[in-house]
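Chain A is the first sequence line, chain B the second, and so forth, proteins listed ahead of strands; every chain is numbered from 1.
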Amino acid sequence: MTSQTIFRTLLERPNVISSKYQAKQLHAQILKLEPSSPAHLSRLISIYSNFNLLHESLFVFNTLHSPPVLAYKSIIRCYVANGLLVQSLDLFLQMRSSGKKPDHNVFPSLLKSCTLLSDLKLGESVHGCIIRLGMDFDLYTCNALMNMYGKFQKVFSDKFRIEQNVSLNQARYILPQTNANSTIINQRYSKTNCRYMVEVDRRGSIMDSVKRVFEMMPKRDVVSWNTVIAGNAETGKYEEALMMVREMGSENLKPDSFTLSSVLPILAEYVDVHKGKEIHGYAIRHGFDNDVFIGSSLVDMYAKCARVEDALQVFNILPQRDSISWNSIVAGCVQNGLFDEGLRFFHQMLKAKVKPVPISFSSIMPACANLTALHLGKQLHGFIIRVGYEDNMFVASSLVDMYAKCGYIKVARWIFDRMDVHDMVSWTAIIMGYASHGQAYYAVSLFEQMEMEGVRPTYVAFVAVLTACSHAGMIDAAWRYFNSMTQNYGIDPGLEHYAAMADLLGRAGKLDEAFELISSMHRPAGSVWSSLLSACSVHGNFDLAEKVAKKIFEVDPENTGAYVLLCNIYAAAQRWKDAAKLRYLMRNKGIKKTTAFSWIKVKNDTHAFVSGDKSHPCYDEVNETLNVLLEKMEEEGYVPDRNEVLQDVESAEEIPYCLATKRQLPSFGIISSFLGQQFE
DNA sequence: TTAGGGTTAG
């Protein structure tokens with residue numbers, strides 16, 4: 001074969017050119033053999049642009065006096081791939097003014113530019129151009145059109161959601177509640193509602209555009225279906241998305257890895273592990289389980305369905321892991337309460353030299369918060385500042401929560417005040433922080449501030465404010481919020497809200513009122529009754545206690561806490577026979593009190609305290625210290641109530657403080673050195 | 001021409 005034949009073959013079958021080096025060799029051959037052939041030069045531009053070589057492509061393009069369509073569309077594609085979006089649209093206009101008729105390959109690139117520029121109007125103009133040129137039946141062009149409209153629909157949807165739940169930071173002034181404030185709140189909501197209607201119309205019309213394009217298509221491929229399915233999945237139209245996955249089959253198209261990427265998050269949201277497993281089986285049968293996207297989605301789906309073991313299994317056999325698969329397993333562990341495991345994976349991720357992103361920190365921070373591992377939380381905070389993630393709303397909210405849970409409410413407030421915008425979660429985190437620190441005034445004031453700024457309180461925000469009221473004995477305010485949930489926001493009170501109210505009323509001695517409230521619940525849970533049982537014990541209402549205990553045993557016959565509490569109540573009332581009968585019943589039923597323990601971290605060791613254990617080497621010293629503290633407390637007027645403790649069902653010990661073995665948390669010193677070394 | 005992960009809960 002002569003060099004000329006090879007040259008022609010290469011130009012006719014550009015796919016055989018597998019490297020940038022070969023492309024440059026071909027360029028040299030063209031210059032040598034046919035340097036002025038626009039057809040050859042255009043093919044060369046196309047080959048260069050396939051390798052994303054913008055500089056080389058432009059170099060050749062600028063030598064052409066009247067570039068053919070192939071040259072234009074190759075440069076346009078290369079511009080888009082390099083993020084030069086305005087330039088891509090400029091070149092399209094230049095091509096049109098030179099009289100060249102664009103073919104169907106040009107539009108996907110242009111539509112991508114409009115999407116990346118977030119310019120819907122421009123996208124609609126391009127759509128008009130597509131229709132005028134009669135390209136609106138082309139498969140690739142239609143797929144790209146649907147993709148563009150789908151992306152805009154998601155942007156509108158996300159933007160609207162954020163506007164609903166975000167306010168500017170004006171939390172530095174705390175206004176008292178007045179009628180004037182209520183008027184402002186109402187005005188804000190009526191404005192919000194107007195905007196809501198406009199946005200709903202806008203989103204609806206964009207989704208109609210996606211549908212219209214889809215329905216007009218003479219032929220659809222798997223990408224067409226995937227695009228519409230993803231559009232529905234991302235905007236919460238789950239049933240529609242799943243229905244379309246089933247409908248694909250009627251056009252003889254099988255779901256591929258992209259389809260599964262849309263389906264798995266829906267099943268995670270539905271907590272439907274059975275269907276999730278079916279999809280997992282399908283993925284294995286079709287070889288998609290090696291796909292890193294599917295792997296991450298499976299990890300996430302299993303974790304959200306509380307199947308951490310399955311999530312770990314999928315993660316452990318992943319042939320390749322990227323930042324997202326690591327974040328998925330870290331978040332999966334933490335969300336399921338496996339904090340140590342989550343921290344270990346975070347550590348391993350750093351060791352694997354995967355750079356943490358904001359999501360990594362907002363996923364791991366709740367582990368520090370729930371373990372009250374302040375030292376680690378502070379180290380991570382330092383790292384967050386160094387890499388500049390402290391302004392991320394998710395990261396900042398998780399920091400607010402971590403500091404509040406670790407006892408540093410002032411630092412939590414400082415971080416909260418520094419945030420430019422507050423969403424519903426950050427408000428709730430700081431309100432709950434104040435509530436758990438017993439600073440109900442701040443919690444309630446901030447809740448009202450949040451309402452003033454037009455952020456709609458949610459189910460969780462009401463849990464927070466009612467908890468605050470409960471701790472401070474604010475009965476009137478609590479009733480106001482409890483009633484406001486349904487009346488103003490249409491949120492049905494749940495278990496947590498009833499529990500806070502029952503706790504509040506019980507502590508205040510309003511036992512009958514609490515009984516009535518709990519009885520009004522649809523299906524009162526044992527835990528809500530339990531707080532009333534405890535209040536009955538404190539206030540010495542033994543008759544009601546028996547009634548309440550009966551209610552608990554109806555819904556939860558093996559509620560250990562209720563047995564123990566009732567036993568103690570009988571003991572306090574000197575009803576020894578009843579107490580003994582109950583204890584006998586417990587033994588018969590095999591009900592045992594779960595061992596509770598608390599722990600304290602001293603330097604790098606965590607020491608756990610369990611009733612009845614004398615194994616710790618410093619047992620005597622600890623007991624001595626406890627006695628000193630007890631004496632001091634008694635000097636200041638504390639009278640220990642030993643009536644109930646003496647009759648504790650499972651323990652014969654009078655003072656249940658002893659020491660158990662050390663519990664080892666991950667060593668954060670090691671993580672700290674990684675943070676410092678690798679990513680500064 | 002199409003894809004995956006995050007913060008608040010007595």
Does the ring centre of Phe293(A) sit less than 6.0 Å away from the ring centre of Phe288(A)?
no
For a quick check, tell me whether the side chain of Ser363(A) and the base of dG6(B) share a donor-acceptor pair closer than 3.5 Å.
no
Atom-pair distance (CG on Asn336(A); P on dG6(B)), nearest Å
12 Å
Salt-bridge present (Arg220(A), Glu251(A); N to O < 4.0 Å):
yes
Is any side-chain N or O of Lys304(A) closer than 4.0 Å to OP1 or OP2 of dG6(B)?
yes
Distance check needed: dT2(B) C1' versus Asp221(A) CG, whole Å only.
9 Å
Which nucleotide in the set dT1(B), dT8(B), dG6(B) lies at the smallest distance from any side-chain heavy atom of Pro358(A)?
dG6(B)
Atom CZ of Phe107(A) to atom P of dT2(B): distance rounded to whole Å?
17 Å
Is Ala331(A) touching bases, backbone alone, or none of the nucleic acid, heavy atoms closer than 4.0 Å?
sugar-phosphate
For the side chain of Val223(A), starting at C-beta, report the closest nucleotide among dT2(B), dG4(B), dT8(B).
dT2(B)
Quick check for you: among dA9(B), dG4(B), dT7(B), whose closest atom lies nearest to any side-chain atom of Met432(A)?
dA9(B)
Look at Glu240(A) together with Lys211(A) and state whether they make a salt bridge at an N to O cut-off of under 4.0 Å.
yes
Out of dA9(B), dG6(B), dT2(B), which nucleotide sits closest to the side chain of Glu496(A)?
dA9(B)
Given the ring of Tyr489(A), does Arg456(A) sit roughly above its face, with NZ or CZ under 6.0 Å from the centre of the six-membered ring and within 45° of the axis?
no
Using only modelled atom types and a 3.5 angstrom limit, is any donor from either the side chain of Ser397(A) or the base of dT7(B) paired with an acceptor on the other?
yes
Between dG4(B) and Asp291(A), counting only base atoms on the nucleotide and side-chain atoms on the residue, is there a donor-acceptor pair under 3.5 Å?
no
Give a yes/no on whether any side-chain N or O of Lys405(A) is located under 4.0 angstrom from OP1 or OP2 of dA9(B).
yes
Strictly under 6.0 Å, is that where the ring centroids of Phe482(A) and His497(A) end up?
no
Hey, would you say the Tyr403(A) and Trp414(A) ring centroids sit under 6.0 Å apart?
no
Establish whether the base of dG4(B) is bridged to the side chain of Ser296(A) by a donor-acceptor pair shorter than 3.5 Å.
yes
Interatomic distance, Phe345(A) CZ vs dG6(B) C1' [rounded to whole Å]
18 Å
Consider the side chain of Thr428(A), meaning its heavy atoms from C-beta on, and name the nucleotide among dG6(B), dG4(B), dT8(B) that approaches it most closely.
dT8(B)
Quick one: does any side-chain atom of Asp556(A) pair with a main-chain N or O of Ile552(A) as donor and acceptor, under 3.5 Å?
no
Closest listed nucleotide, where the reference is the side chain of Thr467(A) and the choices are dG10(B), dT2(B), dT7(B)
dG10(B)
Students often get this wrong, so: under 4.0 angstrom with heavy atoms, is Pro366(A) touching a base, only sugar-phosphate, or nothing?
sugar-phosphate
Nearest-angstrom distance from the residue atom OH of Tyr403(A) to P of dT7(B)
19 Å
By the 4.0 Å heavy-atom rule, please label Ser224(A) as base, sugar-phosphate, or nothing.
nothing
Base, sugar-phosphate, or nothing for Val400(A), non-hydrogen atoms under 4.0 angstrom?
nothing
Base, sugar-phosphate, or nothing for Asp300(A), non-hydrogen atoms under 4.0 angstrom?
sugar-phosphate
Using the side-chain heavy atoms of Lys151(A), tell me which of these nucleotides is nearest: dG4(B), dT2(B), dT7(B).
dT2(B)
Which part of the nucleic acid does Val357(A) contact within heavy-atom distance under 4.0 Å: base, sugar-phosphate only, or nothing?
base
So, are Glu341(A) and Arg344(A) salt-bridged, with charged N and O less than 4.0 Å apart?
yes
When you measure from the side chain of Thr227(A), which nucleotide among dT2(B), dG4(B), dT7(B) comes out closest?
dT2(B)
Quick check for you: among dG10(B), dG4(B), dG6(B), whose closest atom lies nearest to any side-chain atom of Phe394(A)?
dG6(B)
I need the residues from residues 252-264 of chain A with at least one non-hydrogen atom less than 4.0 Å from DNA chain B; give them sorted by number, or say none.
Ser257(A), Phe258(A), Ser261(A)
We want to know whether Asp401(A) and Ser398(A) form a side-chain donor-acceptor pair, criterion being a heavy-atom distance below 3.5 angstrom.
no
From OH of Tyr459(A) over to P of dT8(B), roughly how many Å is that when rounded to an integer?
16 Å
Just the rounded figure in Å: distance from P of dT2(B) to CG of Leu139(A).
13 Å
Rounded to whole angstrom units, what separation is found between the CG atom of Asp103(A) and the C1' atom of dT1(B)?
14 Å
